[in-house]
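The structure under discussion appears below in the form of structure tokens.
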Amino acid sequence: MASVEIVAEHERILREIESTDANCIGPTLRSVYDGQEHGLFMEKLDGRIRNHDRDIEKMCNHHFQGFVDSITELLKVRAEAQKLKSQVTDTNQRLQDDGKGLVSCMDDLRRCRLQQRNIATTIDRLTHCLPVLEMYSKLQEQMRLKRYYPALRTLEQLEQTCLPRAGQYRFCSIMAENIPRVRTLIKDTAMSQLRDFLESIRKHSNKIGETAMKQVCPLSRPLSPPLSPGRRLRKEAGLGAATEVDGHGSSPVTEQDSGILDVEDDEDDEVPGAQELVDFSPVYCCLHIYTVLGAREEFENYYRKQRRKQARLVLQPHSNMHETLDGYRRFFNQIIGFFVVEDHILHTTQGLVNRAYVEELWELALSKTIAALRTHSSYCSDPDLVLDLKNLIVLFADTLQGYGFPVSQLFDMLLEMREQYGEILLKKWNLTFRQALDQDNYSPIPVATEEDYRQFSSQFPFQDPDLDKLPFPKKLPFSEFVPKVYCQLKEFIYACLKYSEDLHLSSTEVDDMIRKSTNLLLTRTLSHCLQYAIKKKNVGLAELVQLILNTTHLEASCVYLEGFISNITDVPPDTANTTKLYGTSTFKDARHAAEEEIYTNLNAKIDQFLQLADYDWTAAQGGGAPSDYLSDLIAFLCSTFSVFTHLPVGTQKFSLFS
């Protein structure tokens, strides 16, 4: 059984050797040498070889003639093959020669393709790098032009988009390292610009406030224009010549400062808005930058802290502010300029300042301003300055009210100042009345022509039909003191009316204030001045008589004064609860005092004459002629009583003895 398997195995190996390539016969032969029947296999192999040899020999014998024929044919082909070989060699040589150029071209093409590939790679890399370089160049240009907020946006785009796409290049790493430093530089620069802006608006708040006032009052004119008697006082709204930019007020800003635009003033052009003078871009830029950097709260706290400090500085008036109107104007302009900026910031930014913050600053400013005005106005003794100050305060209040700030407390303070203004007016008119009394000649006014008569009639409401019938020249019964006092009374009423304007008072309130002030002028100031003239030393009886005449005519003119007040206030005199003028009692008291003084002086003069009596107590009888002192006394009394004939009815009876 084993020999059968061995024989079958040898057969398989032989078939495998016959069918397998010579290069792969090694494993087959190894299996023969690994077996135990090597000799048997060699015998089997020799037998197979002899079989194949016999097959080959049979085949050769069968094909020998064909082989001989083939050799014969091959010999015939030999010559042709040599010839063909020669032709092939020539052709090959020519092909080689011609192929050298092609190979050279192929090498060039290969190099071109390599360059093309490198160029494409370079273009691809540059496509990613150029945006980085362009963005960085744009960043540098924005930094050069100080456009920091766009630069911050460019920096953000460069960091988040362009640099990641560019890849790991050295310049990209350098740029990435510089980004935090650039951010810090932008932040510091923006804060520096904000500081410059805050300093600039602090320095130019006077200019900003002046412009805001001009928007409320575009036409500058004198604050206290002279008034002619009988002319209806028109409503004043202007600040006066002192508000002109080239006057004694603030000069225009000619330098280019951070935050303040250079706007030239032209009287013919429209007054620019106060906000138009200010370039708020540093605030907006810094706000946006800090918002992008996540430090908005830090910026808001810094801004509010600095503005509170500036508010405290603005609200500190100069010690000599009360000396001139310009001092008050600068004080008001700075306050207005401060709040114009805050109001604009409030309405153009989201949350940088809020309404509560601005209201807190305004309450502080209002209390400080009112306290400063009360303190400094108390030093003022010039009514024109007080009136100009009142107009300036009204314009100050109207300007701030236009920006939405409550100003009712300012008008309440102006009503308080009204009493101070009235006292100052009384002091001024006290000097005016005394000066008129001192300069008066206590003689009837001579009138030479009709024109002179009309002139005095226009100054004082005097009507006397009997005097009108007399030819010129003639005399008015009163002295020059009367028309002067009457005109001064009207000027006082005008002065009171000027202060009452623009205080948001009704016509009835204005009329009541004027009447009360006029009553004080009559009962206190003019009454004291008349008493002063009556009690003055060396005053003669003729002067006292003329004073009685003067007070009589002034008393009669009180009706016209009441009509004058009603005319300028548009309040009818018969209105309920209308205050009446006390002029009648004032002039009656003065007249009674003059009569009493005449009585006293006349008795004293009679006593003097009687003291001159020199009696001869030893004479046996009288001389038959009156004494000299009695003659002089009678002559004095005759001349004195002749003066009394000019007195009005009711004042011509004087008792010579008490």
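Start at 1 with the first residue, then count along the sequence.
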Side-chain donor/acceptor of [X] to backbone N/O of [Y], under 3.5 Å:
X	Y	value
Ser367	Leu364	yes
Trp362	Tyr357	no
Thr518	Ile514	yes
Glu509	Ser506	yes
Thr161	Leu158	no

For [X] and [Y], which heavy atoms make the closest approach, and how far apart are they?
X	Y	answer
Val132	Cys162	CG2-O, 3.4 Å
Gly209	Ile336	CA-CG2, 3.7 Å
Asp398	Phe411	OD1-CZ, 3.9 Å
Leu437	Ala533	CD1-CB, 3.8 Å
Ile424	Ser381	CG2-O, 3.3 Å
Phe433	Val485	CE2-CG1, 4.1 Å

Can [X] and [Y] be counted as an ion pair, charged N to O under 4.0 angstrom?
X	Y	result
Asp512	Lys516	yes
Lys207	Glu210	no
Glu199	Lys203	no
Glu491	Lys484	no
Glu141	Lys138	no

Could you tell me whether the side chains of [X] and [Y] share a donor-acceptor contact shorter than 3.5 Å?
X	Y	result
Gln142	Thr154	yes
Arg329	Thr324	no
Tyr302	Glu298	no
Arg515	Ser566	yes

Open item on the list: I need the single residue from Tyr499, Tyr486, Trp429 that forms a ring pair (Phe, Tyr, Trp, His ring centres under 6.0 Å) with Phe492. Which is it?
Closed with: Trp429
State the [atom1]-[atom2] distance between [X] and [Y], to the nearest 0.5 angstrom.
X	Y	atom1	atom2	value
Arg418	Met413	CZ	CE	14.5 Å
Leu392	Thr399	CG	OG1	9.0 Å
Lys490	Ser557	NZ	OG	10.5 Å
Gln334	Ile201	CD	CD1	12.5 Å
His344	Phe280	NE2	CZ	4.5 Å
Leu526	Leu520	CG	CG	12.5 Å

Could you tell me if the side chain of [Y] sits less than 4.5 Å from the side chain of [X], heavy atoms only?
X	Y	value
Leu163	Ile179	yes
Phe396	Leu373	no
Leu489	Leu522	yes
Glu156	Leu152	no
Phe171	Leu133	yes
Leu387	Lys390	yes
Tyr303	Ile345	yes
Glu480	Gln439	no

Task: Check: Tyr403 ring centroid to Phe339 ring centroid under 6.0 Å - done: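 Ring-ring flag for Tyr403/Phe339: false, centres at least 6.0 Å apart.
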Task: Ring centre gap for Phe564 and Tyr494 strictly below 6.0 Å - done: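 For Phe564 and Tyr494, the ring centres are under 6.0 Å apart.
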- [ ] Would you sort out whether Phe338 and Ile208 count as a side-chain contact (heavy atoms from CB on, under 4.5 Å), showing the intermediate values?
- [x] CA-CA 8 Å; Phe338 178 89; Ile208 301 170; over 6 Å; no
TODO: May I have all residue pairs that pass salt bridge (charged side-chain N to carboxylate O under 4.0 Å, His left out) and include part of residues 346-361, sequence neighbours excluded?
DONE: Arg308-Glu360
Open item on the list: Tell me whether the count of non-hydrogen atoms from other residues, nucleotides or ligands lying under 6.0 Å of NE2 in His504 goes above 12.
Closed with: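 Atom NE2 in His504 is packed in, count exceeds 12.
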Task: Gln409 CD: over 12 foreign heavy atoms closer than 6.0 Å - done: no
Open item on the list: Evaluate Glu423 against Arg524 for salt bridge (Lys or Arg N to Asp or Glu O under 4.0 Å), listing each step before the verdict.
Closed with: CA-CA 11 Å; Glu423 291 296 327; Arg524 194 170 76 183; 2.8 Å; yes
TODO: Apply side-chain contact (heavy atoms from CB on, under 4.5 Å) to the pair Phe460 and Leu554, showing each step before the final yes or no.
DONE: CA-CA 9 Å; Phe460 182 75; Leu554 286 174; 4.2 Å; yes
TODO: Any chance you could lay out the side-chain hydrogen bond (donor to acceptor under 3.5 Å, both in side chains) test for Ser377 and Tyr328, step after step, and finish with the verdict?
DONE: CA-CA 10 Å; Ser377 63; Tyr328 291 103; 5.6 Å; no
Open item on the list: Between Cys496 and Met513, does the side-chain contact (heavy atoms from CB on, under 4.5 Å) criterion hold? Intermediate values first, please.
Closed with: CA-CA 8 Å; Cys496 294; Met513 291 177 64; over 6 Å; no
Open item on the list: Could you go through Glu297 and Tyr290, starting from their C-alpha distance and side-chain angles, then the distance that decides it, and tell me whether this counts as side-chain contact (heavy atoms from CB on, under 4.5 Å)?
Closed with: CA-CA 8 Å; Glu297 185 177 356; Tyr290 271 71; over 6 Å; no
Task: Intermediate values then yes/no, salt bridge (Lys or Arg N to Asp or Glu O under 4.0 Å), Glu159 and Arg183 - done: CA-CA 11 Å; Glu159 181 183 27; Arg183 277 203 179 96; 2.6 Å; yes
